[in-house]
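Reading through the structure tokens given below for one structure.
Remember, it's 1-based here, ligands and their atoms both numbered in the order they're listed.
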Amino acid sequence: MKKISRRKFNQSFLKGVGIASVATTLPAACAAGIGATDGKKLGVALVGLGGYSAGQLAPALQDTNHCYLAGIVTGTPEKEKIWADKYNIPKENIYNYENFDTIVKNNSIDIVYVVLPNSMHADFCIRAARAGKHVICEKPMAMNVEECDAIIAACKKAKVKLGMGYRLQSEPYTQEVKRMVREKTFGDIRYITAEAGYFSASNPNQWRLNKALSGGGALVNMGVYAIQSAIYGTGENPVSVSAQEFSTRPEYFKETDESIAAQFEFPRGIVGNIFTSHNVNVNSMYVGASKGWFELRPANSYGPLSGRRSDGTEIKFSHESQQKLQMDDFAQHIKEGTVNRAPGEMGKRDMIIVEAIYRSIREGGKKIPLDLGRMGIV
Ligand code: NAD
């Protein structure tokens, strides 16, 4: 298959879904009044300067067209000078967890991006919204559905935009999967399998193994990618789920799940299998349809991703930082009213599914019905 550049891809995307969204969401963007039409780059403050912020988000923000790294929020004072020097961040744009709320007075910060352990997402997202800032929340959205609702309500009340850190929603392979599903390139979808996981090398002190900080194990960390693949690979939300948990290292995974397999039932009888793990490297999606198949492998890492189709062609796009694409998409959503590719409702939908999977495991693999309608499908 021939290479499609991001620019060309964006143009064709805008011809379809995007234009309609511009028309319907522009007044809301203007109502929010923050960076709506003046064309300036929006200022982003990263909250939590751990591995993901340092390794992916901050470097990507050096390359973004519609936003830039303007500020930081950290609980580790030693990081302030290191980040200020490295990224030229002015003193007045540096906050800690205690004085964070005074960010309300800082007009150079438009977006707060919460990149903390999962148990801290709701608190900081809600405080950011109350400070009048647009919010990006890392995955998983929160510890439970109630917290997701609270974040969504706070953003609605403050009239600020809310996006999830679902980087794959902004990269072209995902859009191509959605296109093939929508246009029935290989006929009706009949089956999907999606896997997302990695081997967690021994570090018993990491917060991801601490349930009070993480809310769960492989499922909330990597499983959300497999859930998402299953949904955009079929274009449907599941109507029920059954799940099982497995462990080969119970002494290491004391509080959190090591591996989970789940079976989704979709409308019209489509079958979905997902698998997620903190104990093995898995990274793929396969979609079987009435007239052929397609697959991505790898499907959910930082890229480059790679794909194949049953007609012998390759799915191939030039690689760009997924984080850059994600943050530019969100900034454009704020500035120009383009579609929000990963709204808060999508994060909440995934948390509803996560809770149903844990419930099924607790109840011995029982089939748990799901009533999601088209919730979170963009
Ligand atoms: P990390 O452990 O590398 O960093 C966590 C940060 O939170 C550190 O700066 C740490 O100082 C701070 N922190 C504050 N209170 C803490 C506490 N009580 N315990 C531990 N750390 C505390 O984690 P990370 O990999 O950067 O993940 C942060 C968030 O980003 C998580 O929600 C994770 O799921 C998400 N994430 C998303 C992606 C993605 O591809 N979208 C990738 C990695 C992480």
*Any Lys/Arg nitrogen of K348 or E345 sitting under 4.0 Å from an Asp/Glu carboxylate oxygen of the other?*
no

*Per-atom contacts, ligand 1 versus V115 - under 4.0 Å to a heavy atom*: 28 (C), 29 (C), 30 (O)

*Taking only heavy atoms of Y225 into account, list the atoms of ligand 1 that are under 4.0 Å away from them.*
39 (C), 40 (O), 41 (N)

Mind checking whether [X] has a heavy atom under 4.0 Å from ligand 1?
X	answer
G165	yes
Y113	no
H121	yes
Y97	yes
Q206	no
Q56	no
Q322	no

*asked:* Please evaluate residues M120 and Y97 with respect to the criterion side-chain contact (heavy atoms from CB on, under 4.5 Å), reporting the C-alpha separation (whole Å), side-chain torsions for both, the decisive distance (0.1 Å), and the verdict.
replied: CA-CA 11 Å; M120 300 168 81; Y97 300 153; 4.2 Å; yes

*Considering only heavy atoms from C-beta outward, does the side chain of E255 approach that of N210 to under 4.5 Å?*
yes

*atom 10 (C) of ligand 1 protein-contacted, heavy-atom criterion under 4.0 angstrom*: no

*Which residue from R167, K139, E138 reaches closest to atom 33 (C) of ligand 1 through any of its heavy atoms?*
K139

For ligand 1, does [X] get within less than 4.0 Å through its side chain, its backbone, both, or neither, judged by non-hydrogen atoms?
X	value
Y302	side chain
W207	side chain
L49	backbone
M164	neither

Hey, does [X] come in under 3.5 Å of ligand 1, counting only N/O atoms on both sides?
X	result
G48	no
M120	no
L116	yes
S53	no
Q323	no

*Carefully, step by step, assess L209 and Y252 under the rule side-chain contact (heavy atoms from CB on, under 4.5 Å).*
CA-CA 8 Å; L209 298 179; Y252 182 60; 3.6 Å; yes

Measure the distance from [atom] to every protein heavy atom, then report the residue, atom name and distance (to 0.1 Å) of the closest one.
atom	result
atom 26 (O) of ligand 1	Y52 N, 3.0 Å
atom 24 (P) of ligand 1	R208 NH2, 3.7 Å
atom 22 (C) of ligand 1	P117 CG, 3.5 Å

*Search all heavy atoms of T64 against all heavy atoms of D328 and return the closest pair with its distance.*
CB-OD1, 3.5 Å

_Shortest non-hydrogen separation from G216 to T256 and the atoms involved_ = O-CG2, 3.7 Å

